[in-house]
Amino acid sequence: MAKKTEDITLVIGHTFPDHTLHHFPEMNLERIYMDYNATTPMEPKVIEAVSEALQDAWGNPSSNHIAGAMAKAIINQSRQSVAKMVGGKAEDIIFTSGGTEANNLVLHTAVEHFRKISRSAEQGEGHQNGCSGLPHIITTNVEHDSIKITAQHLEMEGKADVTFVPVSKVTARVEVDDIVAAVRPNTCLITVMTANNETGVIMPVQEICQRIKSLNKQRERLKILTHTDAAQALGKIPVDVQELGVDYLTIVGHKFYAPRVGALYANGPGKRTPIYPLLFGGGQERDFRAGTENTPMIAGLGKAAELVTSNLSEYQSHMQSIKLYLEERLTGVFQDKVRFNSHYPGSDTLPNTCNVSIMGPALQGWRVLSNCRRLLASVGAACHSDRVNRPSHILLSSGIPTEVAANAIRLSVGRGTTKADVDAVVEDLRETVQLLEEMN
């Protein structure tokens, strides 16, 4: 008999179109994964690209021989593919360990750039053009923790002032006018996510950047930099840096069927847009991010980007239709018990995200999910998994009442999710709700 630790690796494969999803063999039932906003499995073609790079491109990309040249060529090709996916140029892409590093790099850069401009002003023209005092960062109150906690840390350390602009409790979007109203003479960065990972609401990043561009024309020295964390948007909706007008954009591979590696788009890094490295060493990534490149994972990121570029319309359409079917089935089964926390008047949302509460005194989201036999989902962001028994601050900030937020479940569908999966999940939820209500 296999040991318990071995049981974890002995999983049964559930085959979806184009990829295999693994699940635990509990109660001889196939587990159905609907937590694609937390992470995605790698596509077979991505796994193939990673495997080939592991085998054939093991050389150091900085070495001047054929093994190094092969690795460098793969990295260069991936850089082009990632740039194409977001509408940028290859030289605008800096590979990172993931989204958290990319976000930290942006906030760190904005603070350092402010200090550099301030020192220059002191030595030359004095305290002018908004360069005195602490650097000021504007963001929202629904950002990912890699933005929120980094900004709070900078504030706590006395390195920056931060304004967390609340989103509307009607639309769950941040209002453009509220962002602009928060601007100060010493504002150095505005960072607003492209789409929220819990509500699915798409933020008005393009409109914000347009307004800031106009403001920047009136600022002689300190330009306000703009950034968006596009982790939840890539692979689901079109994302084009030229249309958005951002200076920086964060790319997170494991949200679009790539490995756990990431990248930062910067518009002309070191030239038009500043980059101050977090890591120092061998000069890789043009001195913006030291450390020998992770060639296999970068190869996988590039292949996943190619798939998004080629198939985005198909991905988006499929996820949208499956999400709508899911919402219809939930409404049909649970009727007036259902509250959708991803429906907001006037706001566009991601095609794959359904945040739902099934109302009842014993139907808190964490309790429902822990009793489901088949459904694998979450109550919110995976990075908040230690706070599953508390209502999501994202939902509360978005105007969802406490008693509704407490029962919330985030169901995020993927490229391979089928209507049969939806039917099975809704039945699982129906049985679980019935059980909990009987126990109560």
Side-chain angles (χ1 to χ4, degrees), residues 34 36-37 40 85-87 139-144 147 165-180 190-212 226-246 249-252 255-256 308-309 311-328 330-331 338-357 380-381 392 394-400 408 410-415 417:
M34 285 195 180
Y36 289 90
N37 282 8
T40 57
M85 176 179 67
V86 298
T139 187
T140 79
N141 65 340
V142 297
E143 296 295 312
H144 187 269
I147 292 288
V165 177
V167 296
S168 164
K169 290 185 180 295
V170 175
T171 65
R173 287 166 37 121
V174 69
E175 299 293 345
V176 178
D177 286 345
D178 291 343
I179 291 288
V180 174
I190 294 173
T191 173
V192 175
M193 62 185 4
T194 313
N196 187 265
N197 56 315
E198 292 191 32
T199 63
V201 167
I202 298 169
M203 299 293 174
V205 174
Q206 182 179 14
E207 293 90 335
I208 290 169
C209 290
Q210 288 173 345
R211 294 283 293 276
I212 297 306
T226 55
H227 166 249
T228 189
D229 179 348
Q232 290 297 335
L234 290 166
K236 300 170 189 171
I237 60 173
V239 175
D240 187 297
V241 293
Q242 305 303 323
E243 291 182 5
L244 292 174
V246 291
L249 181 139
T250 293
I251 298 160
V252 183
K255 305 295 188 181
F256 59 94
V308 169
T309 300
N311 304 303
L312 178 59
S313 177
E314 178 186 336
Y315 296 156
Q316 184 175 1
S317 176
H318 172 76
M319 288 186 287
Q320 183 73 35
S321 94
I322 293 296
K323 181 184 80 166
L324 290 175
Y325 182 69
L326 172 62
E327 292 178 346
E328 289 170 5
L330 288 167
T331 302
V338 166
R339 302 286 187 277
F340 289 109
N341 309 314
S342 44
H343 291 180
Y344 297 90
S347 290
D348 293 327
T349 55
L350 293 173
N352 80 316
T353 304
C354 170
N355 195 307
V356 64
S357 297
S392 161
I394 300 292
L395 296 183
L396 296 177
S397 298
S398 301
I400 303 300
R410 183 186 68 180
L411 304 174
S412 46
V413 303
R415 299 173 187 174
T417 308

Could you pull out every donor-acceptor pair under 3.5 Å between side chains of residues 238-246 and any protein atom, sequence neighbours left out?
unit_1: Asp240; atom_1: OD1; unit_2: Gln242; atom_2: N; d: 2.8
unit_1: Asp240; atom_1: OD1; unit_2: Glu243; atom_2: N; d: 3.1
unit_1: Gln242; atom_1: NE2; unit_2: Gly87; atom_2: O; d: 3.4

Are the side chain of [X] and the backbone N or O of [Y] linked by a donor-acceptor pair below 3.5 Å?
| X | Y | value |
| --- | --- | --- |
| Thr199 | Asn196 | no |
| Asn355 | Glu198 | yes |
| Asn37 | Asn197 | yes |
| Ser398 | Ile394 | yes |
| His227 | Met193 | no |
| Asn311 | Glu314 | no |
| Thr171 | Arg173 | yes |
| Asn352 | Lys323 | no |
| Thr140 | Val174 | no |
| Thr331 | Glu327 | yes |

List the atom of [X], the atom of [Y], and the distance in Å for their closest heavy-atom pair.
| X | Y | answer |
| --- | --- | --- |
| Ala233 | Leu350 | CA-CD2, 4.2 Å |
| Val170 | Tyr344 | O-CD2, 3.5 Å |
| Val167 | Ala172 | CB-O, 3.7 Å |
| Val192 | Ile208 | CG2-CD1, 4.0 Å |
| Glu175 | Ser168 | OE2-CB, 3.5 Å |
| Leu395 | Ala408 | CD1-CB, 3.4 Å |

Discussion item. Let's go through Thr417 and Met319 carefully: what are the C-alpha distance in whole Å and the side-chain angles of both, what is the deciding distance for side chain to side chain contact (heavy atoms under 4.5 Å, CB included) to 0.1 Å, and is it a yes or a no?
Written reply: CA-CA 8 Å; Thr417 308; Met319 288 186 287; over 6 Å; no

Just verifying a value: how many Å separate [X] [atom1] and [Y] [atom2], rounded to the nearest 0.5 Å?
| X | Y | atom1 | atom2 | value |
| --- | --- | --- | --- | --- |
| His144 | Thr250 | NE2 | OG1 | 10.5 Å |
| Thr191 | Ile147 | OG1 | CD1 | 3.5 Å |
| Glu207 | Ile179 | CD | CD1 | 12.0 Å |
| Ile400 | Ser342 | CD1 | OG | 8.5 Å |

Practice prompt. Would you please test Leu330 and Cys354 for side chain to side chain contact (heavy atoms under 4.5 Å, CB included) and show each step?
Written response: CA-CA 10 Å; Leu330 288 167; Cys354 170; 4.0 Å; yes

Item to complete: Just do the side-chain hydrogen bond (donor to acceptor under 3.5 Å, both in side chains) check on Asp229 and Thr194 with the steps written out, would you?
Response: CA-CA 6 Å; Asp229 179 348; Thr194 313; over 6 Å; no

Practice prompt. List the steps, then state whether side chain to side chain contact (heavy atoms under 4.5 Å, CB included) holds for Thr139 with Val165.
Written response: CA-CA 6 Å; Thr139 187; Val165 177; over 6 Å; no

Can you tell if the side chain of [X] reaches within under 4.5 Å of the side chain of [Y], non-hydrogen atoms only?
| X | Y | answer |
| --- | --- | --- |
| Gln316 | Ile237 | yes |
| Thr353 | Tyr36 | no |
| Lys236 | Leu312 | no |

Worksheet item: Any Lys/Arg nitrogen of Asp177 or Arg211 sitting under 4.0 Å from an Asp/Glu carboxylate oxygen of the other?
Response: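 Looking at Arg211 together with Asp177, the answer is yes, because their closest N to O distance falls below 4.0 Å.
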
Worksheet item: After noting the C-alpha distance and the side-chain angles of Ser357 and Asn341, does the key distance pass the side-chain hydrogen bond (donor to acceptor under 3.5 Å, both in side chains) rule?
Response: CA-CA 7 Å; Ser357 297; Asn341 309 314; 2.9 Å; yes

Discussion item. Could you work out, with side chain to side chain contact (heavy atoms under 4.5 Å, CB included) as the rule, every residue matching Lys255, not counting sequence neighbours?
Written reply: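 Applying side chain to side chain contact (heavy atoms under 4.5 Å, CB included) to Lys255 gives Ala231, Gln232, Val252.
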
Discussion item. Side chain to side chain contact (heavy atoms under 4.5 Å, CB included) for Met85 and Ile251? Distances and angles first, verdict last.
Written reply: CA-CA 10 Å; Met85 176 179 67; Ile251 298 160; 4.2 Å; yes

